[in-house]
Amino acid sequence: MVCSQQCNKKRSANVHHLPQVCHIPQVALLRLSCCTLTLSHSTSRCAPGLSVIVRKSCSNTVCFQLLTSLSEMSVRKDSVELGVTNLGFRDADGDASDTISEAESVEKQESVGVKMDPEEKYNQMKPYAGMPKEVLLLYSSQARYRVPREVLFWLMVCVTLALVAVTITVIALSPRCLSWWQASPVYQVYPRSFKDSDGDGVGDLKGIMEKLDHFQYLNIKSVWISPFYRSPMKDFGYDVEDFRDIDPLFGTMQDFEELLAAMHDRGLKLIMDFIPNHTSDRHRWFNLSRIRDPHYDDYYVWVDCDPNGPKPNNWVSIFGNSSWTYDEVRGQCYLHQFLKEQPDLNFRNPNVFQEIIDIIHFWLKKGVDGFRMDAVKHILEAAHLRDEPQVDPNKPPLVTTEWDLHSDYTTSQVGLHDLLREFRAVLDTYSREPSKYRFMVTESYDYDEVEKTMMYYSTHLVRESDFPFNFYLLDLPHNASGVWAKHLVHIWMGNMPRGEWPNWVVGNHDRHRIGSSAGPAYVRVINMLLLTLPGTPTTYYGEEIGMENINVTQSEIQDPAGKYNTSASRDPERSPMQWNGDMNAGFNNKTNITWLPVHPDYETVNVEVQMKDSGSVLSQYRFLSNLRESELALHRGWFCYIHADANVFSYLRELDGLNRAYLMVLNFGKESAITDLSSIPELPDQLMVLLSTNQVNDGKVYQKSQIQTEAGEGLVIQYSTSRRYNPNHPEECYVSEKACYLPTINILYKC
Ligand code: GLC
Ligand code: MG
């Protein structure tokens with residue numbers, strides 16, 4: 001065996017400090033890498049034992065080659081011990097060992113083989129920790145190490161591949177998780193009326209902070225707060241003077257930040273009201289625009305007009321009369337689709353658009369969770385300013401209300417959705433973490449033009465609002481019947497783009513309380529409808545306890561809309577929240593002032609009293625809100641029409657794979673009714689009431705041919721079945737996103 005000359009040269013610099021006679025094991029350990037392990041003709045001589053061949057071929061250079069039989073190896077223990085315990089190394093400073101003697105004795109030979117005693121078996125070599133790679137390699141290729149290693153390796157590969165496959169399959173098969181805005185009702189707080197912390201008679205942000213427990217009690221996770229921006233309050237906050245400030249009536253920016261943080265701590269989401277269509281006439285932009293500051297010159301819609309002459313066209317304000325007002329400072333008319341103190345912004349000016357975008361950023365950076373976009377259909381007007389067609393062309397042309405005109409040029413103009421989609425895009429840039437999803441709901445009353453409302457929904461290709469508010473159930477009291485209820489529900493369900501998420505509003509700060517318009521006897525059944533339909537329910541503060549409108553005398557009117565037209569006043573539905581039977585219903589307990597009178601029924605209709613009564617409107621609301629969250633069939637299952645007549649509207653909720661399903665039998669009529677559902681084989685013969693709006697009927701069992709309800713009574717019937725209704729009645733059923741339940745492993749999957 002010959003070590004190459006090249007190798008010797010390479011090593012010479014490194015080994016000159018070694019003792020003249022290298023100690024074999026030490027050298028072997030340190031120098032194996034010196035020479036390429038070349039099994040040459042002498043290999044056979046070395047095998048099967050370990051041979052260390054020492055050769056001084058060049059002056060003062062030593063090269064070592066370690067040859068080893070991979071299958072068997074023996075080392076004479078007293079001469080060579082590899083590893084940490086290294087006797088040879090201990091002796092290296094002159095205390096010659098056998099090994100050295102042996103090496104010296106054969107020094108003159110061309111090569112010296114240090115033979116290991118073949119009898120001393122491999123077990124003398126211990127795989128100590130810290131063992132160098134070279135030695136480990138001696139062991140590693142032995143079958144008893146190699147085989148398990150290879151088995152483990154391939155096992156790992158298989159397990160990893162299987163895990164990747166399972167992950168991909170699970171992702172592909174999992175239905176989308178519901179987002180926070182789908183998971184619970186949205187609760188609307190009208191801040192003036194919710195809770196007054198400082199006794200000035202007007203509710204405020206600190207007041208809301210005091211009442212966060214109430215939301216949690218009701219299992220509400222999203223709270224929409226009507227505007228609290230700095231405002232002259234001509235339209236109670238919908239006339240914004242500064243979009244980046246809090247009105248002192250409601251508190252400070254610090255109060256807002258504390259409220260938001262406290263809500264987030266409790267897992268509550270805060271939805272702000274956002275008013276892109278107009279500002280207050282006290283807004284800095286308007287002041288600069290009316291003095292024709294070049295930058296702000298056309299921030300609003302200005303038109304030449306004669307102060308005493310006709311208006312630029314026949315357009316009317318939502319609050320009545322012309323939507324044009326002459327401004328003496330500028331000497332022109334400006335457009336206002338609401339109050340004259342609410343001039344419309346000119347969105348055809350890109351600077352206005354940018355200002356609004358910047359304000360959206362401002363609040364998103366503060367951490368708000370979403371926006372309710374106010375009065376969106378009014379954002380753009382036709383630039384040509386032509387008269388709108390009259391609904392009744394035979395009427396004299398002096399129209400004063402929005403109902404007299406087809407609002408073809410003042411609402412829903414081309415370009416509107418592009419603007420909203422730009423707003424949405426900003427929200428989306430803040431939505432990247434799933435728990436930080438920013439929500440957008442649009443407000444647009446389109447009445448019988450529901451297809452216009454549906455345009456606000458996002459599609460698969462373009463993102464817009466998560467849903468536009470569905471106001472159709474506000475009309476429920478107009479014609480209390482089961483058929484009417486079904487009709488209103490179907491306006492939405494029959495027109496909503498496929499796969500979208502429905503929502504339902506039964507009250508807000510612009511419409512009379514449903515308990516008043518439908519009557520107190522119907523409050524519970526309406527809440528039952530709201531909380532058992534598919535999609536997100538919206539609850540206006542006080543609806544959960546069945547608050548009713550207050551009577552507001554002419555002199556008490558606060559609402560500007562009511563000042564134009566008493567019957568249009570929105571004050572009745574804005575009275576202080578009834579928390580308890582104390583002074584001012586607990587709305588404020590410091591002074592006797594409240595900005596609107598408290599409803600006289602507050603001693604019996606209040607949160608505190610109803611919390612103690614398991615059959616109260618509040619307790620039933622809470623029960624249904626919890627049920628909606630806990631029952632898959634209710635929050636993401638199929639919705640199927642079952643029956644509608646003059647009194648009763650009945651529908652069911654079920655989920656494929658889940659045997660527990662729900663049947664709702666709701667009597668919106670004026671009479672008691674017996675509903676016969678015996679023609680529906682998917683329903684069991686006997687049906688037990690889980691919850692009745694009339695508590696005495698809880699737990700009652702009805703034959704399905706004879707389900708009894710009183711006027712205003714609603715039943716939630718929970719039943720068990722292995723037969724689904726939806727497969728046989730696809731035209732009667734709807735689901736936002738189909739999912740099936742796998743009971744054996746308790747999961748949902750796409751099906
Ligand atoms: C929306 C609000 C309403 C307000 C109007 C003008 O419709 O809900 O209260 O008066 O916009 O901002
Ligand atoms: Mg206050």
Side-chain angles (χ1 to χ4, degrees), residues 186 188-194 203 224-243 247 271-283 286 300 315-321 323 325 334-345 347 356 359 371-381 401-403 407 410-412 416 420 440-447 452-453 456 465 468-471 474 503 505-513 538-541 549 557-565 568-575 595-596:
V186 171
Q188 182 190 355
V189 168
Y190 195 65
R192 291 183 77 80
S193 306
F194 196 61
W224 152 37
I225 309 179
S226 286
F228 44 81
Y229 306 98
R230 182 180 284 276
S231 160
M233 300 291 164
K234 294 289 177 200
D235 190 14
F236 297 121
Y238 285 96
D239 48 324
V240 180
E241 184 180 329
D242 186 347
F243 285 106
D247 195 276
I271 301 165
M272 276 185 83
D273 223 310
F274 194 82
I275 302 121
N277 179 64
H278 46 264
T279 68
S280 160
D281 61 346
R282 301 258 208 90
H283 197 289
F286 191 71
Y300 296 85
W315 296 357
V316 288
S317 149
I318 299 303
F319 293 138
N321 298 323
S323 53
T325 290
Y334 63 89
L335 177 78
H336 53 89
Q337 296 214 44
F338 293 89
L339 295 175
K340 68 176 173 32
E341 292 88 356
Q342 292 169 298
D344 270 50
L345 284 164
F347 269 87
I356 295 297
I359 295 162
F371 295 105
R372 173 256 189 197
M373 294 286 177
D374 179 79
V376 288
K377 70 175 183 180
H378 302 279
I379 285 179
L380 279 180
E381 301 79 26
T401 80
E402 61 168 321
W403 313 113
S407 54
T410 50
T411 64
S412 314
L416 163 64
L420 293 171
M440 177 166 135
V441 53
T442 43
E443 185 226 21
S444 176
Y445 287 89
D446 298 298
Y447 307 103
K452 286 193 178 166
T453 310
Y456 296 97
S465 62
F469 269 140
N470 169 4
F471 297 121
L474 289 167
N503 77 100
V505 175
V506 296
N508 64 31
H509 62 296
D510 293 328
R511 292 288 183 272
H512 287 330
R513 286 194 180 274
T538 297
T539 290
Y540 181 51
Y541 83 94
N549 284 352
I557 290 181
Q558 303 280 332
D559 180 24
K563 290 177 183 160
Y564 276 92
N565 168 5
S569 173
R570 298 166 295 177
D571 292 330
E573 60 265 24
R574 296 177 177 179
S575 67
W595 79 284
L596 279 172

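Along the sequence shown, residues carry numbers from 1. We count ligands from 1, going down the list as the structure has it; atoms in each ligand are counted the same way.
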Calculate, to the nearest 0.5 Å, the distance between atoms OG1 and CG belonging to Thr325 and Leu335 respectively.
9.0 Å
Value rounded to 0.5 Å, distance of CG in Asp281 from CD in Glu241
9.0 Å
Please examine the side chains of Arg282 and Glu341, heavy atoms only from C-beta on, and report whether any two atoms are closer than 4.5 Å.
no
May I ask you to check whether Asp247 and Ser231 show a side-chain donor-acceptor distance below 3.5 Å?
no
What orientation do Phe471 and Tyr445 show, parallel under 30°, tilted 30 to 60°, or perpendicular over 60°?
parallel
Expected rows: ligand 1 N/O, protein N/O, dist below 3.5 Å:
{"residue": "ligand 1", "atom": "7 (O)", "partner": "Glu443", "partner atom": "OE1", "Å": "3.2"}
{"residue": "ligand 1", "atom": "7 (O)", "partner": "Glu443", "partner atom": "OE2", "Å": "2.8"}
{"residue": "ligand 1", "atom": "8 (O)", "partner": "Arg372", "partner atom": "NH2", "Å": "3.0"}
{"residue": "ligand 1", "atom": "8 (O)", "partner": "Glu443", "partner atom": "OE2", "Å": "3.4"}
{"residue": "ligand 1", "atom": "8 (O)", "partner": "His509", "partner atom": "NE2", "Å": "2.9"}
{"residue": "ligand 1", "atom": "8 (O)", "partner": "Asp510", "partner atom": "OD2", "Å": "2.4"}
{"residue": "ligand 1", "atom": "9 (O)", "partner": "His509", "partner atom": "NE2", "Å": "3.0"}
{"residue": "ligand 1", "atom": "9 (O)", "partner": "Asp510", "partner atom": "OD1", "Å": "2.8"}
{"residue": "ligand 1", "atom": "9 (O)", "partner": "Asp510", "partner atom": "OD2", "Å": "3.4"}
{"residue": "ligand 1", "atom": "9 (O)", "partner": "Arg570", "partner atom": "NH1", "Å": "3.1"}
{"residue": "ligand 1", "atom": "10 (O)", "partner": "Asp235", "partner atom": "OD1", "Å": "3.4"}
{"residue": "ligand 1", "atom": "10 (O)", "partner": "Asp235", "partner atom": "OD2", "Å": "2.6"}
{"residue": "ligand 1", "atom": "10 (O)", "partner": "Arg570", "partner atom": "NH1", "Å": "2.9"}
{"residue": "ligand 1", "atom": "11 (O)", "partner": "Asp374", "partner atom": "OD1", "Å": "2.8"}
{"residue": "ligand 1", "atom": "11 (O)", "partner": "Asp374", "partner atom": "OD2", "Å": "3.1"}
{"residue": "ligand 1", "atom": "12 (O)", "partner": "His278", "partner atom": "NE2", "Å": "3.0"}
{"residue": "ligand 1", "atom": "12 (O)", "partner": "Asp374", "partner atom": "OD2", "Å": "3.0"}

Salt bridge check, Glu443 against Arg372: does any charged N sit closer than 4.0 Å to a carboxylate O?
yes
